[in-house]
Amino acid sequence: MPEGITIHHASAADVNDVHQLECAAFPSPWRREFFESEVHGSGRFNLVVRRQGRLIGYLFAMWFFDELHINKIAVDEQERRKGIADTLMAECIAFAKRNRIRLMSLEVRESNRGAQAFYRHLDFTPAYVRPMYYPDGEAAVVMTKNL
C-alpha cells in the first residue's frame, strides 16, 4: 500500500468529495445523487482513499451472487502512477475472493488505451464492445476477469 494513505468504506460524508473528483476525472460524470444512492445501497463495495484528509481516489462497485461490476474508479490527477488505483483494485479483488465472486467486469472508453492497459495488467481481458455506450456516443470496451 502506498505510504501515507488511508482507505475506508465510502459513506454519505464522502459524497461531496467523491463527486468533486468525479467531475474532474470524467468527461461525462455521474450526478451527485448517484453516489448518494450507491453509499446506501445493498450489495455495494465502495472505497475511498485519502491522504492527509484529502480525497485522492475512490472505487464504487456492485455485486450480486457470484459477479461483481466495477462502476467507477478514479484517482486525482496529481496522485496517479503512485499505486493508488492498484491498491483500490487489490482491495476489490480480495473482497471478491472472500465472497466467492467468480467474475468481475467493468466498462472503459474505447479511446482510453491507458486504462485498458492498466486493467490488462490486472488480468482483465476485453470481452466485447458496447457501441454508443457513453453520452457523447463513444463505445465502451467491456473487460472481464475470472477469479
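Computation of the quantities below employed the complete heavy-atom set of this structure, encompassing side-chain atoms and omitting hydrogens, waters and symmetry-equivalent molecules.
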Main-chain N/O of Met62 paired to Glu67 side chain as donor or acceptor, under 3.5 Å: no
Does NE2 in His8 sit with more than 12 non-hydrogen atoms of other residues, nucleotides or ligands closer than 6.0 Å? yes
Do Val15 and Leu47 share a hydrophobic cluster, counting only Ile, Leu, Val, Met, Phe, Trp and Tyr and linking them when any side-chain heavy atoms are less than 4.5 Å apart? no
Let me check something: do Leu68 and Leu59 share a hydrophobic cluster, defined by ILVMFWY side-chain heavy atoms less than 4.5 Å apart, either directly or through other members? yes
Show the nearest heavy-atom pair for residues Cys23 and Pro29, with the distance to one decimal. CA-CB, 3.9 Å
Take a 6.0 Å sphere around CZ of Arg130 and say whether it holds more than 12 heavy atoms from other residues, nucleotides or ligands. yes
Are the aromatic ring centres of Phe34 and His19 under 6.0 angstrom apart? no
Are Leu88 and Ile93 grouped together when hydrophobic residues (ILVMFWY) are joined by side-chain heavy atoms under 4.5 angstrom apart? yes
Please give me the minimum heavy-atom distance between Leu21 and Val75, naming the atom from each residue. CD1-C, 4.2 Å
Under a 3.5 Å distance rule, please check whether Arg51 uses its side chain to pair with a backbone N or O of Glu3 as donor and acceptor. yes
Examine distances only and state if a side-chain atom of Asp66 and a backbone atom of Leu103 form a donor-acceptor pair shorter than 3.5 Å. no
Please check this pair: side chain of Asn99 against backbone of Phe95, looking for a donor-acceptor N/O pair closer than 3.5 Å. yes
Do Glu138 and Tyr133 pair up side chain to side chain, a donor and an acceptor below 3.5 Å, judged on atom types alone? no
How are the rings of Phe35 and Trp30 set to each other: parallel, tilted or perpendicular (split at 30° and 60°)? tilted
For Phe26, does the CZ atom have more than 12 heavy-atom neighbours from other residues, nucleotides or ligands under 6.0 Å away? yes
Cation-pi check, Arg44 to Phe60: give yes when NZ or CZ is under 6.0 Å from the six-membered ring centre and within 45° of the ring axis, no otherwise. no
Can a donor-acceptor pair be found, under 3.5 Å and without considering hydrogens, that links the side chain of Lys72 to the backbone of Ala61? no
Any side-chain to backbone donor/acceptor pair from Ser37 onto Glu33? Under 3.5 Å, distance only. no
Are the side chain of Asp17 and the backbone N or O of Asp14 linked by a donor-acceptor pair below 3.5 Å? no
Quick one: do Met89 and Val141 end up in the same hydrophobic cluster if we chain Ile, Leu, Val, Met, Phe, Trp and Tyr together by side-chain heavy atoms under 4.5 Å apart? yes
Donor-acceptor pair, Arg81 side chain versus Gln78 backbone, under 3.5 Å? no
Kindly determine whether Phe45 and His9 satisfy ring pair (Phe, Tyr, Trp, His ring centres under 6.0 Å), including the steps that lead there. CA-CA 8 Å; Phe45 182 74; His9 290 279; 5.6 Å; yes
